[in-house]
S.K.: 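I am attaching a structure below and will ask some questions about it afterwards.
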Amino acid sequence: MKRLPCIGLALVGLLVSACSSSPPVSETPRASPASTPPPVVVTPPIATLSNSPTPTTASPTATPGGWRLGAQLIEPWRSEMPAVALDGWVYVPGGFGGEARLERYDPAADRWEALADMPDGRHHLMAAGYAGSLYVFGGSTPGGFNPTDSAWRYDPPSNTWSELGPMPEARMSGAAVAMGDKIYVAGGVGASNQMLEYTPESGSWRVLPGPQHPRDHCNAVAFDNQVWVIGGRGAAGEEASVEVFDPATGTWTDGPALNVARAGFAAAVVEGQIMIGGGEVIVAGRETLDSLEILNPDTNAWQFGLPLPQPVHGVGGAAVDGLLLLPGGSSQAGAIENAGQLQIFEPSP
């Protein structure tokens with residue numbers, strides 16, 4: 001297990017001088033399992049854990065559904081990486097504990113496979129799927145917190161990587177989302193708070209206005225032809241705020257705030273609803289969360305769902321076939337404490 005510090009925007013000015021020169025503190029490493037064990041099934045309902053809000057008459061109504069556990073990642077101790085749904089698969093590139101690795105999950109077979117390594121190791125990277133290819137942006141090089149401007153494309157049929165033109169600026173700990181014929185990179189730690197827009201067909205970049213509230217360790221989804229930038233960590237701590245970018249007008253508006261401020265969480269659109277799960281918040285020390293929030297499109301408000309089987313942060317989220325999938329992450333703040341567990345949520349019909 002490695003203790004790995006996270007970065008808030010209050011420390012951006014010290015990022016290069018402090019974080020990049022201070023490698024993570026090592027503790028006794030965990031032994032990786034020799035083989036992937038069979039999935040463990042968790043039968044809903046699942047008890048609410050101590051850090052999950054219990055809905056009452058005064059709080060948002062809990063939405064039904066059930067959790068189960070899927071096959072573990074091949075490289076088990078991984079966190080601070082994205083998860084991307086692409087053509088019915090879930091791709092997980094990089095992250096602490098597997099900086100250059102790329103793995104792909106088959107939901108139908110409940111099986112992971114290792115693919116070609118990335119050109120270089122990255123953690124706190126951003127990724128999105130577009131037109132059958134996986135695009136990976138920025139992130140930090142291993143052994144420190146050093147934002148990069150790298151951009152790569154992975155081609156699944158040939159199992160190969162190619163280098164793209166660099167990003168307009170180095171960036172890490174943000175979020176990437178594909179919508180229309182563009183990929184947007186929002187939030188994160190970098191030289192500015194601007195939105196970065198990439199056009200895959202031309203390979204060109206454009207810099208757009210960023211959200212009003214600078215944030216890192218946020219997440220983003222494409223929803224109703226807009227980019228929703230959710231939560232994250234700002235100068236004053238974790239954010240509950242949501243900001244919505246309309247590419248047609250180039251403007252930002254406020255979205256409905258989360259019930260629980262959080263950073264480093266999973267997010268995806270499942271069956272027409274935005275779902276977010278896990279994350280962490282600094283209270284008296286850091287607390288890793290197991291709560292699930294679901295945006296009700298009828299009320300434009302967040303409701304609690306059944307809590308995760310295991311609290312987790314630094315985790316990616318992807319939606320495939322009506323399921324929300326959360327691979328890896330860490331059940332403890334500042335650590336990689338999770339044997340590559342895959343948590344799967346299936347909403348009730």
S.K.: Could you walk me through whether F345 and V270 pass side-chain contact (heavy atoms from CB on, under 4.5 Å), step by step?
M.R.: CA-CA 10 Å; F345 180 74; V270 183; over 6 Å; no
S.K.: Please answer whether the main-chain N or O of G88 pairs with a side-chain N or O of D321 as donor and acceptor at a distance below 3.5 Å.
M.R.: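 No.
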S.K.: Testing the basics here: between L102 and A116, what is the closest heavy-atom pair and its distance to 0.1 Å?
M.R.: CB-O, 3.6 Å
S.K.: Donor-acceptor pair, S140 side chain versus N146 backbone, under 3.5 Å?
M.R.: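 Answer holds: yes.
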S.K.: Does S79 reach the main-chain N or O of G329 with its side chain, forming a donor-acceptor pair under 3.5 Å?
M.R.: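 Checking the backbone N and O of G329 against the side chain of S79, no donor-acceptor pair under 3.5 Å is found.
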S.K.: Can you check side-chain contact (heavy atoms from CB on, under 4.5 Å) on W302 and I274, steps first, answer last?
M.R.: CA-CA 9 Å; W302 297 92; I274 304 176; 3.6 Å; yes
S.K.: Mark yes or no for whether H213, through its side chain, and G231, through its backbone, hold a donor-acceptor pair below 3.5 Å.
M.R.: no
S.K.: Sequence neighbours left out, what passes ring pair (Phe, Tyr, Trp, His ring centres under 6.0 Å) with Y130? Give chain and number order.
M.R.: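 Partners of Y130 under the ring pair (Phe, Tyr, Trp, His ring centres under 6.0 Å) test: none.
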S.K.: Please check this pair: side chain of N338 against backbone of G328, looking for a donor-acceptor N/O pair closer than 3.5 Å.
M.R.: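 Between the backbone of G328 and the side chain of N338 there is a qualifying donor-acceptor contact (under 3.5 Å).
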S.K.: Could you pull out all residues at least two apart from E169 that satisfy salt bridge (Lys or Arg N to Asp or Glu O under 4.0 Å)?
M.R.: R171
S.K.: Are any of the side-chain heavy atoms of Q194 and L208 separated by less than 4.5 Å?
M.R.: no
S.K.: Are the side chain of E243 and the backbone N or O of Q212 linked by a donor-acceptor pair below 3.5 Å?
M.R.: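 Checking the backbone N and O of Q212 against the side chain of E243, a donor-acceptor pair under 3.5 Å is found.
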S.K.: If I take atom CG from residue D110 and atom CZ from residue R68, how far apart are they, to the nearest 0.5 angstrom?
M.R.: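 Nearest 0.5 Å value for the CG-CZ distance: 7.5 Å.
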S.K.: Specify the closest pair of heavy atoms between P347 and G322, including all atoms of both residues, with the distance to one decimal.
M.R.: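 For P347 and G322, the tightest heavy-atom pair comes out as CD-O, 3.3 Å.
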S.K.: Does the side chain of F265 reach to within under 4.5 Å of the side chain of L289, using non-hydrogen atoms?
M.R.: no
S.K.: Under 4.5 Å between side-chain heavy atoms, counting indirect links through other Ile/Leu/Val/Met/Phe/Trp/Tyr residues: same cluster for W89 and Y105 or not?
M.R.: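 Same cluster: W89 reaches Y105 through Ile, Leu, Val, Met, Phe, Trp or Tyr contacts under 4.5 Å.
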S.K.: Tell me, do D120 and S150 make a side-chain contact under 4.5 Å, heavy atoms counted?
M.R.: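 Not touching, per the 4.5 Å side-chain cut-off.
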S.K.: Can V320 be reached from W112 by stepping across I, L, V, M, F, W or Y side chains whose heavy atoms are under 4.5 Å apart?
M.R.: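 Hydrophobic grouping puts W112 with V320.
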S.K.: Distance check, rounded to the nearest 0.5 Å: M81 atom CE versus L125 atom CG?
M.R.: 9.5 Å
S.K.: What pairs with E271 under salt bridge (Lys or Arg N to Asp or Glu O under 4.0 Å), at least two apart in sequence or on another chain?
M.R.: none
S.K.: Once ring-ring contact (aromatic ring centres under 6.0 Å, His included) is applied, what residue pairs with a partner in residues 187-210 remain, sequence neighbours excluded?
M.R.: F137-Y198, F137-W205, Y198-W205
S.K.: Are R78 and L73 side-chain neighbours, meaning at least one heavy-atom pair lies under 4.5 Å?
M.R.: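 SC-SC contact between R78 and L73 confirmed.
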S.K.: In Å, rounded to the nearest 0.5 Å, how long is the span from CG of D106 to CD of E113?
M.R.: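 Going from CG on D106 over to CD on E113, the span is 8.0 Å.
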S.K.: Show the nearest heavy-atom pair for residues A220 and A175, with the distance to one decimal.
M.R.: N-CB, 3.6 Å
S.K.: Output yes when a side-chain donor or acceptor of T199 lies under 3.5 Å from a complementary backbone atom of E201, and no otherwise.
M.R.: no
S.K.: What do you reckon, is CG of N300 surrounded by more than 12 foreign heavy atoms closer than 6.0 Å?
M.R.: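 Yes, the 6.0 Å shell around CG holds more than 12 heavy atoms from other groups.
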S.K.: Using the test ring pair (Phe, Tyr, Trp, His ring centres under 6.0 Å), find all partners of W252 that sit at least two apart in sequence or belong to another chain.
M.R.: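 In terms of ring pair (Phe, Tyr, Trp, His ring centres under 6.0 Å), with neighbours along the sequence ignored, W252 is linked to F245.
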S.K.: For Q343, enumerate each residue passing the side chain to side chain donor-acceptor pair (under 3.5 Å) test, keeping only those at least two apart in sequence or located in another chain.
M.R.: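 Applying side chain to side chain donor-acceptor pair (under 3.5 Å) to Q343 gives none.
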S.K.: For V84, what residues pass the side chain to side chain contact (heavy atoms under 4.5 Å, CB included) criterion, not counting sequence neighbours?
M.R.: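 With sequence neighbours excluded, V84 shows a side chain to side chain contact (heavy atoms under 4.5 Å, CB included) to A127, L134, given in chain and number order.
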S.K.: Quick one: does L308's side chain get under 4.5 Å of L326's, heavy atoms only?
M.R.: yes
S.K.: With respect to R262, which candidate in E293, E280, E238, H313 satisfies the side chain to side chain donor-acceptor pair (under 3.5 Å) definition?
M.R.: E293
S.K.: My understanding is that only residues two or more places apart in sequence, or in another chain, count here; which of them pass side chain to side chain donor-acceptor pair (under 3.5 Å) with D224?
M.R.: none
S.K.: Would you check, one step at a time, whether the test side-chain contact (heavy atoms from CB on, under 4.5 Å) holds for E346 with L323?
M.R.: CA-CA 5 Å; E346 182 173 8; L323 303 174; 3.5 Å; yes
S.K.: Can you sort out the partners of T160 under side chain to side chain donor-acceptor pair (under 3.5 Å), two or more places apart, ordered by chain and number?
M.R.: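 Partners of T160 by the side chain to side chain donor-acceptor pair (under 3.5 Å) criterion, ordered by chain and then number, come out as S158.
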S.K.: For D117, check salt bridge (Lys or Arg N to Asp or Glu O under 4.0 Å) against everything at least two apart and list the hits.
M.R.: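 Once residues adjacent in sequence are excluded, D117 has no partner under the salt bridge (Lys or Arg N to Asp or Glu O under 4.0 Å) criterion.
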S.K.: With sequence neighbours left out, write down each residue that passes ring pair (Phe, Tyr, Trp, His ring centres under 6.0 Å) with W161, or none if nothing qualifies.
M.R.: Y154
S.K.: What are the two closest non-hydrogen atoms of S348 and G65, and how far apart are they?
M.R.: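 What the structure gives for the nearest pair is OG-N, 3.2 Å.
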S.K.: When you group the ILVMFWY residues by side-chain heavy-atom contacts below 4.5 Å and let the links chain together, are Y135 and V177 in the same group?
M.R.: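 No, it is not one cluster - the side chains of V177 and Y135 are not joined through contacts under 4.5 Å.
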S.K.: Taking the six-membered ring for Trp and the single ring otherwise, decide whether the centroids of H124 and F96 are under 6.0 Å apart.
M.R.: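 Yes, close enough.
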S.K.: Just so I know, are the side chains of R215 and S241 near enough to count as touching, which here means a heavy-atom distance under 4.5 Å?
M.R.: yes
S.K.: At their closest point, which heavy atom of A261 faces which heavy atom of A240, and how far apart are they?
M.R.: CB-N, 3.7 Å
S.K.: With rounding to the nearest 0.5 Å, note down the distance linking OG in S330 to CD in E80.
M.R.: 8.5 Å
S.K.: Could you report the tightest heavy-atom contact between V207 and P168, atom names first, then the distance?
M.R.: CG2-CB, 3.9 Å
S.K.: Within the distance-only criterion (no hydrogens, no angle test), does the side chain of R104 pair as donor or acceptor with the backbone N or O of P156 below 3.5 angstrom?
M.R.: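 Judged by distance alone, no pair lies under 3.5 Å.
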S.K.: Contact between D246 and T253 at the side-chain level, heavy atoms closer than 4.5 Å - yes or no?
M.R.: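 Of all side-chain heavy-atom pairs linking T253 with D246, none is under 4.5 Å.
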S.K.: Output yes when a side-chain donor or acceptor of N193 lies under 3.5 Å from a complementary backbone atom of G210, and no otherwise.
M.R.: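 Not confirmed, N193 side chain does not pair with G210 backbone.
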S.K.: Determine, step by step, whether H123 and F145 satisfy the ring-ring contact (aromatic ring centres under 6.0 Å, His included) criterion, reporting the C-alpha distance in whole Å, the side-chain angles of both residues, the deciding distance to 0.1 Å, and the verdict.
M.R.: CA-CA 9 Å; H123 59 80; F145 294 94; 5.5 Å; yes
S.K.: Any side-chain to backbone donor/acceptor pair from E197 onto K182? Under 3.5 Å, distance only.
M.R.: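 Side chain of E197 to backbone of K182: no pair is present.
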S.K.: Are V269 and W228 co-members of a hydrophobic cluster defined by side-chain heavy atoms under 4.5 Å apart?
M.R.: yes
S.K.: Checking D155 now: which residues fulfil salt bridge (Lys or Arg N to Asp or Glu O under 4.0 Å) with it, not counting sequence neighbours?
M.R.: R153
S.K.: Does one hydrophobic cluster hold both I230 and L295, with members joined at side-chain heavy-atom distances below 4.5 Å?
M.R.: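 Same hydrophobic cluster.
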S.K.: Does any part of the side chain of E99, heavy atoms only, come nearer than 4.5 Å to the side chain of M118, both counted from C-beta?
M.R.: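 In short, these two side chains do not touch, never coming nearer than 4.5 Å.
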S.K.: Any chance you could measure R206, atom CZ, to Y184, atom OH, to the nearest 0.5 Å?
M.R.: 7.0 Å
S.K.: Would you give the length of the straight line joining atom CD1 of I276 to atom CG of L292, rounded to the nearest 0.5 angstrom?
M.R.: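 Taking CD1 in I276 and CG in L292, the distance rounds to 8.0 Å.
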